[in-house]
Amino acid sequence: MRTDMRKNSKSSWPKVIARKWLNIPSGAEEFQSDYAVNGETGDRRKSCCDQDYHSIVPGNFSGWLTETAGGIKPSKSMPEPPPVTDSLNPRMFVGTWNVGGKSPHEGLNIRDWLSSPAPADIYVLGFQEIVPLNAGNVLGAEDNGPAAKWLSLIREALNSDQSDKELARCYSGATEESSPSSLQLEQQASLKPRTSFTDLLSMEDELGEEDFERLLNLNTNSSEEGSPSPTYMSGSPARQRFCLAASKQMVGLFLCVWVRTDLYKHISNLKVSCVGCGIMGYLGNKGSVSISMTLHQKTFCFVCTHLTSGEKEGDEIRRNSDVAEILKRTKFSRSFRDLRQPFHPENILDHDKVIWLGDLNYRLAPGCVDTHELLKKNNWQVLLEKDQLRIEQRAGRVFSGWEEGRIYFAPTYKYLADSDDYVVQTSNSNEKRRIPAWCDRILWKGEGLKQVWYSRGECRFSDHRPVYSLFSVHINLVNKLIPTAISCPPRFSSKSALSSACGAKVQAEELLVIPGHKAT
């Protein structure tokens with residue numbers, strides 16, 4: 001059996017290579033999800049006039065009767081409609097990390113990266129180079145092993161039962177986007193300062209009253225006792241558990257979206273799209289992986305990218321071209337079932353809210369003098385004046401109309417392995433002597449997104465430092481009252497029932513009518 005599988009794997013190699021070189025999609029629209037794998041679509045229920053057929057419907061669907069061992073009893077949720085709120089403000093954690101082609105070892109601590117000043121409801125995590133970008137991985141079959149390991153580590157970190165005290169971490173030079181306390185942060189950039197009072201005030205509107213008071217107390221205690229300020233992890237005992245909404249890999253790029261289990265029922269239209277911009281302009285050693293979804297009728301798009309590398313003059317133009325190609329070629333397919341939806345975006349900019357994350361590879365412009373001295377003094381603001389992304393964006397050549405938070409953390413690339421020293425600062429290193437730069441970035445576009453936090457982690461696993469951001473997402477809800485009167489659904493013939501059963505993939509919010517067994 002194993003021999004046959006090995007033969008099939010080898011015989012499929014030429015086919016895989018041909019498809020990649022000819023840019024023929026292969027499973028490009030498929031993705032991994034807890035719900036897709038487990039098939040959790042709701043309880044088995046029976047309508048009030050259904051005899052021969054049963055329906056699989058979402059667990060929160062009212063107006064139906066539940067079948068139990070003791071007979072058919074009325075649903076407990078029928079009497080009154082749920083209260084309707086006008087808006088929601090979920091928090092979204094976004095992180096990006098180039099892991100340098102290394103597979104994670106067991107016990108790798110990623111909590112520093114996943115820590116945040118307040119608990120999040122959604123985690124969007126993007127990786128670059130989860131596999132080495134060699135010919136075998138670029139041209140051959142996908143190596144899914146490292147992705148599975150990262151998913152396991154993330155699941156464990158988000159759903160851990162450890163206490164807040166065990167998860168305590170220092171704030172590492174982070175700041176809220178509009179914080180005016182820049183001078184203080186610049187002077188203390190090499191330290192891990194507690195949150196400034198101004199930052200706390202700016203966060204009051206974004207956090208709930210309970211979370212804000214807790215953060216304020218933690219910050220006060222740390223200043224009085226001289227201890228670091230603990231940060232929140234959603235896996236603490238009082239937090240909800242998280243499930244994988246979707247994940248997708250293209251060569252070394254990997255993007256996954258995690259949501260609270262009680263929030264998943266409000267997510268629909270999950271779709272993925274991959275664009276290769278690497279060798280010959282099409283292979284997947286560079287490019288993007290995007291995930292589209294709808295949350296409470298608002299559309300979101302998360303774009304994880306790895307753009308052209310290099311610090312020669314003119315390389316930034318190639319990176320600009322990559323961005324244009326990704327915006328042009330990213331398409332989210334529409335099925336026949338989608339046509340019944342009021343609107344589902346087909347490209348990135350059609351979405352209500354877009355987050356762009358990844359190793360964008362923009363460097364410092366040539367001619368930046370005294371780089372070493374500025375690094376020693378932690379004078380990030382002067383260095384950022386030479387940042388290619390900011391220069392190109394101000395000139396309108398890339399990311400026009402997009403936003404990025406203010407940066408108060410050190411350049412994220414390029415470090416010596418397992419060290420806090422940049423490669424350029426050492427004379428005996430065999431590594432490429434890259435000038436330090438802010439390669440790893442998070443940008444956004446769309447109304448209702450407010451950045452609360454923008455910082456970096458300090459894990460030495462890679463030559464890049466991970467970057468993360470916390471967003472407050474404002475969502476206006478459409479006021480729709482759910483009718484509570486019991487109405488009998490129409491009788492289905494066996495022909496229509498069979499045609500429904502033969503449908504492709506049925507999303508959790510849709511009815512699937514399938515034949516039942518007649519009582520004998």
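As the structure is a prediction and not an experimental result, all values here were calculated from the model.
- Two residues are said to be in side-chain contact when any heavy atoms from C-beta on lie closer than 4.5 Å; Asn361 and Asp315 fail this criterion.
- A donor atom on one side chain and an acceptor atom on the other are found under 3.5 Å apart for Asp322 and Thr308.
- For the ring pair (Phe, Tyr, Trp, His ring centres under 6.0 Å) criterion with Tyr123, the lone passing option out of Phe93, Phe302, Phe471 is Phe93.
- For Tyr413, the ring-ring contact (aromatic ring centres under 6.0 Å, His included) criterion is met by His464, not counting sequence neighbours.
- Minimum interatomic distance between Lys248 and Glu30 (heavy atoms only, all atoms of both residues): NZ-O, 2.8 Å.
- Of all non-hydrogen atoms in Tyr468 and Asp112, the two that sit nearest each other are CE2-O, 4.2 Å.
- No hydrogens or angles considered: nothing links the side chains of Trp453 and Ser116 as a donor-acceptor pair under 3.5 Å.
- Contact annotation: the side chain of Arg260 approaches that of Phe242 to within less than 4.5 Å [non-hydrogen atoms, C-beta and beyond].
- Contact annotation: the side chain of Val323 approaches that of Phe399 to within less than 4.5 Å [non-hydrogen atoms, C-beta and beyond].
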Query - Verdict with reasoning, Asn347 to Thr330, per side-chain hydrogen bond (donor to acceptor under 3.5 Å, both in side chains) - result: CA-CA 6 Å; Asn347 58 58; Thr330 298; over 6 Å; no
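- The shortest side-chain heavy-atom distance between Ile475 and Phe300 falls under the 4.5 Å cut-off.
- Paired with Lys286 under the rule side chain to side chain contact (heavy atoms under 4.5 Å, CB included), one option of Leu253, Leu133, Leu307 passes, and it is Leu133.
- Residues Tyr454 and Trp444 keep their aromatic ring centres 6.0 Å or farther apart.
- Remark: side-chain polar atoms of Arg111 are paired, donor with acceptor, to backbone N or O of Ala157 under 3.5 angstrom.
- A donor-acceptor contact closer than 3.5 angstrom is absent between the side chains of Ser288 and Glu325.
- For Ser103, the side-chain contact (heavy atoms from CB on, under 4.5 Å) criterion is met by Pro146, Lys149, not counting sequence neighbours.
- A donor-acceptor pair under 3.5 Å is formed between the side chain of Ser33 and the backbone N or O of Leu244.
- Closest heavy-atom contact between Arg319 and Leu360: CD-O, 3.2 Å.
- Listed for the Asn137 side chain is no donor-acceptor partner under 3.5 Å among the backbone atoms of Asp143.
- Residues Asp359 and Thr96 are not in side-chain contact: their nearest non-hydrogen atoms beyond the backbone lie 4.5 Å or more apart.
- For the pair Asn144/Gln32, no side-chain contact is recorded, criterion being any heavy-atom separation below 4.5 Å from C-beta on.
- In summary, the side chains of Arg318 and Asn320 do not present any donor paired with an acceptor at a separation below 3.5 Å, with no hydrogens or angles considered.
- When side chains are defined from C-beta on, Ser462 counts as touching Trp97, because their heavy atoms get closer than 4.5 Å.
- With Tyr415 as the aromatic partner, Arg465 meets the cation-pi criteria of under 6.0 angstrom to the ring centre and within 45 degrees of the ring axis.
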